[in-house]
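Chain A is the first sequence line, chain B the second, and so forth, proteins listed ahead of strands; every chain is numbered from 1.
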Amino acid sequence: MSLVDYAEQGAKAAEKDPDVQLMLRVQQDDAVAFEQLIETYQKRLHRVLRHTVASESVAEDLVQEVFLRVWRARKKYRPTAKFSTWLFHIAHNVANNSVRDFKRRREFQVAAADASRSDAFSMDQMVVASTGAMPVRRLDKTERAEMVKAAIEALNERQRMALMLFRFEGLSYQEIAEAMGLSVQAVKSLLRRARVNLKTLLEPYLDAGLVPGSAPAVDKDADEVQ
Amino acid sequence: MRSNKMSRTEPNFDDETLVAFLDGDLPPSQRTAIESKLREDQQLQQRLQRLQSTWDMLLELPESEPSPHLTQSTIALVTVDLEKGEQSFRWWPFPRHLLMLMVIALLVSGLGAITGYALSYAQRLRLVKQLPAIVEFRVLQHIDSWDWLEMLTQIEYLHEAAEYLQTTGEGSAPVVIGKEPLPSEPSGRWKWMQSLDAQATARLHANVEDFRRLSVHRQEQLYDIADRLLADPQREELLAAARSYAVLLDTEGTKREQAIKQMSPTERVAEIEQIIARNLLIKYADEMSPADRNALLDWIERMRRKPDMPFAFDPYQLIIDELVQDPQVSLITTEDIDQLLTQLSPFPAELFRKLPSEYEQRAIIIRWILTLTQQGDRPKLPATEVLMNKFQQLPRQDQDLLELLPEEEVQEYLQQMLGVRSNLNGDS
């Protein structure tokens, strides 16, 4: 498919997208439409960004930063794709800046480095469970959820972002490519590597209930795609 | 991941190729090759299954819920930005409630002239007056009286427990608004508000919203506490106690938090002391003194040698298995637990005695034993390793039978054996 085809496809998607219509109202300084967009997307943005940074409050700050940028950019907005594609493009940039700031200033903890929380969690649960204070089924479910969270946070930033957009936000390869500034082929490759990494991280847990940290080291840098 | 890139059984189909196959992204020739191989290769089928299962596990990711104030504080943030950058913005198309939010945000941000026009002098005075309660709202909302605040400062190890919970990530302290503390003189408060950055302004705005949702009586109560706090020479100490208390409550979950708040002050102090004791004992597991570590090891050894205690080569697991039993039926009795406590140094012993039940005491001892077993320099118990070597030379069925016998018989048997493999069934 040529770039022209993609552009036409994007314009058609925008025509049908009710959120694009809301954004066009925001462009005309309609605050109600802006509030509606915040209500619609804040939870989704939070979910994606929560796994990029270490803490809940930093994730919320990033969500606010995304909407602030939407507001500032409203006059330049052009409906060339679905609104969510444009929004997640901004989110991707905001998340990248945040991670870069972290690396530069070391002020924030990167979520991926915070593996100790999972260990502490399971140890505490073990103690609590041994007192009979917690039903075993609930413990299993919670622990599995924590394992999945830890595995996702162990991926590198690009794999994590692509995965969140694909698996949880339901964006197509093309939409993720636009949001992340990559080619469709690169997105596919990124997602495949993410999926293989997840298998490595979660497989021991499927087998013997081991935590992901006990799996072989994940090749976090193996996604240098163009 | 390098180990996974190539299949152990079929070098042509690495995991990434299999993912492409699952996604329907392979050219027909490669797809057919995999389909054909799949019919006969169980390992390949299993690898595909695992890729799919781990992918499906992602749906178990916990839901994330942003704060309920996020919309309001985002609008406040945008409003502040708007005011700074776009003086020509058209106000009139905004609905009234949104306009009100923006006006409040502007008030909070203290942006000079526009705010002054937007609000009456009386409203501004009210805000300045209530500001001490609003700024510390996230901390003070848990404090129902001045007496309770003073009682909090008397609770031992409150700060240590809160600090520990923050380092583990289980509890978090309310965010402090502003780099400088709020001036005690009302005349300086307006200037202080003007010095806040956009994030702090948005947080203050969210506090205003929540504070004004309280009943007038509760607002006044909080205002009185905050005002008194501001003038108190022990302000920092009192505020730190309230902050640590907020951290502890944060770890207890909403229901438990409400239950604690309903208790009488005396019951509440006891409950808080239990939470502190539990957490500091967990912390102590990682930093145990050599004397307490030895006391624990001696106790494990004594428990292992108790009459009727079954034999096990892993004494730690043996003791844990007994500790998780009901004290009424466990071979480790209440007296045994007391005996351990008398051998510990005063600090952990005192914390243990604050725990509400023997179940919790046992849980902490389990935690300590688990920590011991995870430490790199795992201490060896006498003779265990020698016996273990002999034991491992036995056939599996002998090992199973031996583990049912009392320790003394097992030791005697192993020592007689002297490396000669025999059939235990025949001997017995």
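Heavy-atom neighbours of A/E169 CD from other residues, nucleotides or ligands within 6.0 Å: above the threshold of 12.
Ranked by heavy-atom pairs under 4.5 Å with chain B, the first of A/E65, A/E39, A/K188, A/K43 is A/K43. For the options A/D61, A/I38, A/L45, heavy-atom pairs under 4.5 Å to chain B are most numerous at A/D61. When the candidates B/D23, B/L70, B/I320 are compared by the number of heavy-atom contacts under 4.5 Å with chain A, B/L70 comes out ahead.
Donor-acceptor pairing under 3.5 Å is lacking for the side chains of A/E175 and A/S84. Between the side chains of A/N197 and A/T200, no donor-acceptor pair of N or O atoms lies under 3.5 Å.
Between the A/Q27 side chain and the A/Y77 main chain, a donor and an acceptor come within less than 3.5 Å of each other.
Neither the backbone nor the side chain of B/L18 comes within contact range of chain A, judged by heavy atoms closer than 4.5 Å. Contact annotation for A/Y173: only side-chain heavy atoms (C-beta onward) come within less than 4.5 Å of a heavy atom of chain B.
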ring-ring contact (aromatic ring centres under 6.0 Å, His included) evaluation trace for B/F21 with B/F13:
CA-CA 10 Å; B/F21 172 74; B/F13 304 141; 8.6 Å; no
